[in-house]
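What follows is a short report on a single structure.
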Amino acid sequence: MNFAANVLEEIDRIVARYPRATSAVLPVLHVVQREHGFVPPEAKAWVAARLDMPPAKVEEVLSFYTMFHRAPVGRKHLQVCRSLSCNLRGEEEITATICRKLGIDPGGKTADGKFSLVQVECLGSCGTAPMMQVNDDYHEGLTPRRVEELLEEWSR
Amino acid sequence: MSAGTPPPFRPVLTARCGKPDSHLLGTYLADGGYQALSQALALQPAAVVDKVKASGLRGRGGAGFPTGLKWSFMPKEKTKPHYLINNADESEPGTFKDRLLMEKDPHLVIEGTLIGAYAIRANHAFIYIRGEYYHAYTVLLAALEEARAKGYVGKNILGSGWDCEVILHRGAGAYICGEETALMTSLEGGKGFPRLKPPFPAAAGLYACPTTINNVETLANVPFIMTRGPEWFAAIGREKNSGPKLYCLSGHVKRPGVYETAMGISLRDLIEIHGGGMLHPDRPLKAVIPGGASVGVLDASEIDVPMDFDALRAKGSMLGSAATMVLDSSACMVKALLVNCRFFAHESCGQCTPCRVGCDWMEKIVHRIEGGEGRLEDLELLNDVASRINGQTICPLGDAAAGPVPSYLTKFRADFVHHIDNHTAVCLPRATASR
Amino acid sequence: MPKLTIDGKEYEAQDGQTIIEVCDQHHLNVPRFCYHPGLTVAGNCRICLVDVEKAPKPQIACGTPVAEGMVVHTDNDRARWARQGVMEFLLLNHPLDCPICDKAGECMLQWFSVEHGPGRSRLVGDKEHYAKKLDIGEHIVLDQERCILCSRCVRFTDEITRTHELAITERGVRAELNVVEGRRLDNTYSGCVTDICPVGALTLKEFRFKSRVWFLKDTASICPGCSRGCNVNVSVNTNMNVHGGRIERLLPRTNTAVNDYWMCDLGRLIFRDLYDKPRLRVPQARDGGELKPLSWDDAARAVWVRLREAADKGGPGSVAFVLSARATNEEIFLLRRLLGDLGSERLAFPAHVEGVDDGLLLNADRTPNRRGALEICGAAAVDGRGLEAIRQGLEERKIRALLVAGESALADGILAPALLQHLDTLVVLERSGATTMLERAHLVLPLAAWAEVEGTWTNCNGRVQRVRPAVRAVGEARPLWEVAVRIGKHAGWTERYPSPAEVLDAVAGAIPAFAGIDYAAIGLLGADLPGAAAAAGAR
């Protein structure tokens with residue numbers, strides 16, 4: 001596992017914030033994912049050693065929380081909310097539009113690695129439903145038209 | 001029937017949210033920000049607890065537990081570190097009020113956290129924010145930097161001799177981490193597994209130390225209770241259901257959004273006056289879920305109910321996180337229940353038998369019905385399975401998944417029977433519309 | 001000391017006890033899967049739900065502390081209804097593997113589904129499926145489908161062995177038990193997870209498909225593997241037409257003063273030694289260069305006559321005994337007496353030390369009765385001085401007769417053939433025939449193995465425990481104590497020793513360290529030597 005010096009320093013600062021090193025496992029995994037785009041298998045042992053926790057516990061954490069990717073995702077990771085308010089306001093059409101445009105199913109990734117699509121649960125944006133999160137950003141008040149525009153824009 | 005237009009409520013919690021640069025310290029200070037903290041620090045912590053007790057503030061996260069009482073559970077004698085946790089893991093479907101406060105008025109969130117920490121004699125406060133709220137996280141992070149630079153966070157705050165570190169901690173995608181004991185397990189570095197109670201957090205919580213967990217909106221009320229007084233707070237709303245309240249309106253209404261009113265606005269007024277009424281003029285109201293996916297559904301005849309803790313409980317539902325989802329006549333209640341069952345099955349941590357197996361089973365049954373493969377006995381089966389989850393689990397997620405089920409089956413039986421009798425995946429509203 | 005009522009009867013409990021602990025203490029039946037007295041409380045299976053009056057919902061007995069005046073119903077309608085729900089959930093996706101599952105007959109899921117289950121499945125459609133037959137360790141196979149996620153095994157590897165190999169990954173109904181990537185369940189106590197697994201999810205490779213458990217007859221005994229003396233149950237198959245039956249497995253037997261609920265893998269599998277080398281079956285005497293069979297009567301007499309001759313010719317100290325610290329207290333006592341009758345004190349027990357004490361159960365001393373040898377024969381006999389003196393005595397040809405019981409493998413070590421060449425008499429008592437010492441022996445007598453013997457061993461902490469015969473000795477092999485009594489008759493002993501119990505009484509009478517110890521006091525859980533340091537169990 002290779003990290004730039006400044007990233008290692010950042011991790012040191014994160015760990016130092018907490019009364020116990022193991023508390024830093026989520027923020028450190030977020031850093032790992034930010035740096036690599038996902039959490040590579042080698043990272044588990046590295047994080048376990050860094051935080052003095054058993055690799056088994058890092059494995060558990062990685063498999064439990066939905067935001068961690070254990071394999072690379074698309075450059076634009078499309079996370080469409082499918083909970084009730086979004087469902088009532090047209091989520092299924094949004095998902096269908098994306099699937100049609102990109103030729104993938106939920107859970108899939110385009111062959112060129114540009115896009116991946118997952119359905120997620122409530123993102124706390126029910127007032128602007130339907131919506132999706134793309135990487136870190138919210139795209140709210142979607143329409144099928146708007147989704148097509150976004151996909152075209154990102155395809156370029 | 002509404003008793004006429006209610007007098008406009010002067011926003012308290014959201015007063016700054018529409019202002020430009022509302023998230024900046026300068027804006028907050030110009031508005032009298034951090035004076036509440038100053039006032040609190042001039043009192044003994046126990047006196048701060050008493051003020052909050054006198055206000056009647058009840059938790060805004062979903063459980064509605066009296067906040068002052070919860071604070072008073074902390075040990076009188078401090079033998080271990082005390083911890084305050086601000087639960088910003090807002091994930092209940094339909095809820096988006098804490099996000100508004102964090103993004104638009106982060107200093108209010110911080111000040112409420114600090115006063116809460118002071119009241120329970122903590123020197124560390126954690127804000128556990130759900131991982132997906134990345135924007136709110138960056139806003140809060142910047143606000144904490146500002147606050148630290150000005151001496152509101154850190155050592156010897158405002159010269160009081162009291163130290164307090166505020167640690168902003170991102171989750172990583174798990175609704176269950178909004179449950180207070182699961183939050184603590186997550187914060188300690190594990191999966192979000194809820195814990196058995198006893199021991200209770202105030203006795204042994206984070207790192208086995210006395211801990212208090214409060215919701216973002218709950219703590220956001222505290223600075224106002226300090227500056228305007230508990231009597232002011234108690235006078236808003238009614239007894240035991242007092243204070244300003246944020247309501248999250250979504251679904252088939254013209255103006256979905258967060259609305260702040262006195263606690264106890266009638267559900268009808270919330271929908272018609274604040275929400276602008278139904279989204280489509282030719283699609284009348286069919287159902288309302290008043291407090292999030294975890295609460296029982298109301299039908300169109302039941303919306304003349306005050307939106308507070310006790311009135312909704314008396315109606316067989318709950319205020320919960322005040323996440324009001326409105327469904328019009330185009331909605332299929334089987335589909336709605338399926339979407340909610342799917343949510344709980346996805347979010348079940350898997351630790352205990354009834355929730356782990358039962359939530360998935362409920363989803364499968366409703367899925368069969370919705371897909372046209374249901375049988376009439378599946379209605380009784382679904383009811384029975386739900387009753388075997390409710391009350392038998394480690395944490396309230398099982399109750400949340402199972403509790404509302406009977407309300408769908410009794411109040412919207414026709415939607416279920418339509419799928420079953422006609423062996424169809426086409427829902428009743430669509431079938432009716434196409435006739 | 002709170003008083004509470006359970007099923008209509010009042011009980012006095014200790015502060016801090018949970019309902020399930022009080023119930024277990026008084027043998028009241030409460031079903032459980034995830035609860036185990038040797039591990040922390042998890043409270044996840046929910047099968048122990050009981051009705052507590054005034055509580056809004058059923059409470060788990062394992063996680064509810066008792067309170068003064070509490071009224072509990074373990075078996076009323078409310079409790080039974082709650083339990084039936086849980087049982088149904090547990091069985092919903094559970095594979096119907098019973099016909100091929102080793103756990104059948106001792107499976108907790110079977111027990112409680114008979115008692116508390118709904119009796120039929122209401123699932124429409126497919127069960128959830130998971131991986132089956134995963135090789136996760138040298139001794140362990142995992143079937144994820146059978147697993148009910150009670151987490152006992154995870155807690156075991158976290159709390160007892162602290163090796164953390166196991167994890168429950170994923171979430172919700174897709175949660176599964178796993179070893180972590182790149183690791184195996186390979187700690188010294190891995191077999192214990194198959195004991196505590198309530199179902200057949202974790203099975204022992206060495207026992208898979210060997211026998212149905214209802215054919216197994218258990219004998220309470222002690223593991224011979226080291227000086228800890230873990231209490232065990234020896235399971236013998238009664239279904240096979242093999243003389244005395246065959247031992248199929250060893251399981252730990254609960255003893256909170258010695259091993260708690262655990263035993264190590266070395267001990268668990270040590271019974272295989274009994275079957276991997278050919279056994280000596282008849283007494284033999286060298287006649288014209290060859291070993292020929294003779295009767296026990298003749299053999300015993302021959303032993304005495306030759307040893308007596310050597311002692312008369314060579315004077316005091318010309319006879320030496322090399323014994324095993326695997327011998328029982330009774331055997332050691334009788335042989336020391338015999339040696340004494342021959343005018344000698346040359347007695348030694350070779351050490352068998354491997355590694356270091358592991359801090360849990362497994363000790364470096366791999367003999368079960370070194371402590372007994374020490375108390376009966378003195379320090380020099382066990383600390384190497386005695387053995388060195390014998391080796392010197394052989395080198396200087398001062399020792400004319402040597403009796404070696406259970407240590408003939410020393411021929412490859414300290415008792416090299418060159419040292420034995422000059423002996424007038426070499427008597428070898430042994431279990432297995434595969435050693436070179438037999439080529440030099442004048443008399444070879446077949447010994448019964450530890451699983452065929454009645455007697456006592458004294459463990460490292462001074463606890464005297466009974467080893468009991470689980471199977472019959474092969475052929476005409478005899479326990480060493482019986483052999484000693486036969487020889488002793490020729491030596492003129494007048495005492496009657498019909499069984500090891502009488503021998504132990506003699507030990508207690510003659511050796512102050514054993515005062516007051518008898519079979520009644522020892523029972524099934526052992527008795528400490530007076531003045532022995534209090535043993536605190538495995539932890």
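Computation of the quantities below employed the complete heavy-atom set of this structure, encompassing side-chain atoms and omitting hydrogens, waters and symmetry-equivalent molecules. In what follows, chains carry the letters A, B, and so on, assigned in the order in which the sequence lines appear, proteins first and then strands, with residues in each chain numbered from 1.
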Side chain from CB out, backbone as N, CA, C, O: work out which of these in [X] comes under 4.5 Å of a heavy atom of chain B, or both, or neither.
{"X": "C/Leu92", "result": "side chain"}
{"X": "C/Ile60", "result": "side chain"}
{"X": "C/Gln59", "result": "neither"}

Side chain of [X], backbone of [Y]: donor and acceptor closer than 3.5 Å?
{"X": "C/Arg46", "Y": "B/Pro354", "answer": "no"}
{"X": "B/Gln392", "Y": "C/Pro58", "answer": "no"}
{"X": "B/Arg388", "Y": "C/Trp81", "answer": "yes"}
{"X": "B/Thr353", "Y": "C/Cys45", "answer": "yes"}
{"X": "B/Arg356", "Y": "C/Gly172", "answer": "no"}

Could you go through the side chain to side chain contact (heavy atoms under 4.5 Å, CB included) check for C/Val173 and B/Trp361 one step at a time? CA-CA 9 Å; C/Val173 81; B/Trp361 194 9; over 6 Å; no
Show your working on side chain to side chain contact (heavy atoms under 4.5 Å, CB included) between B/Phe193 and C/Asn44 and close with a plain yes or no. CA-CA 10 Å; B/Phe193 264 23; C/Asn44 61 49; over 6 Å; no
Chain C contact via [X] - side chain, backbone, both or neither, heavy atoms under 4.5 Å:
{"X": "B/Ser387", "result": "both"}
{"X": "B/Ile394", "result": "both"}
{"X": "B/Lys191", "result": "side chain"}
{"X": "B/Arg375", "result": "side chain"}
{"X": "B/Glu373", "result": "neither"}

Counting heavy-atom pairs closer than 4.5 Å to chain B, which one of C/Gly43, C/Pro56, C/Ala175 comes out on top?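 Top option by heavy-atom pairs under 4.5 Å: C/Gly43.
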Report the option among C/Arg171, C/Lys57, C/Glu128 that has the most heavy-atom pairs separated by less than 4.5 Å from atoms of chain B.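 Sorted descending by pairs with chain B, the first entry is C/Arg171.
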Set out, in order, the CA-CA distance, both residues' side-chain angles and the distance that settles side chain to side chain contact (heavy atoms under 4.5 Å, CB included) for C/Val41 and B/Leu196, then state yes or no. CA-CA 9 Å; C/Val41 171; B/Leu196 301 177; 3.8 Å; yes
Output yes when C/Arg122 and B/Glu380 qualify as a salt bridge under the 4.0 Å nitrogen-oxygen rule, no when they do not.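 B/Glu380 and C/Arg122: not salt-bridged.
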B/Asp360 with C/Arg174: basic N within carboxylate O range, under 4.0 Å: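 No salt bridge links B/Asp360 with C/Arg174.
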Return yes when atom [atom1] of [X] has more than 12 non-hydrogen atoms of other residues, nucleotides or ligands closer than 6.0 Å, and no otherwise.
{"X": "C/Lys133", "atom1": "NZ", "value": "no"}
{"X": "C/Asn29", "atom1": "CG", "value": "no"}
{"X": "B/Lys240", "atom1": "NZ", "value": "no"}
{"X": "C/His73", "atom1": "NE2", "value": "yes"}

If you take all heavy atoms of B/Pro198 and C/Gly63, which pair is closest and at what distance?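 In terms of heavy atoms, the two residues are closest at CD-O, 4.4 Å.
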Report the distance from atom CD of B/Gln351 to atom SG of C/Cys150, rounding to the nearest 0.5 Å.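 Separation between the atoms: 12.0 Å.
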Partner of C/Val124 under side-chain contact (heavy atoms from CB on, under 4.5 Å), chosen from B/Lys364, B/Glu377, B/Arg368: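 With C/Val124 as partner, B/Lys364, B/Glu377, B/Arg368 yield a single side-chain contact (heavy atoms from CB on, under 4.5 Å), made by B/Arg368.
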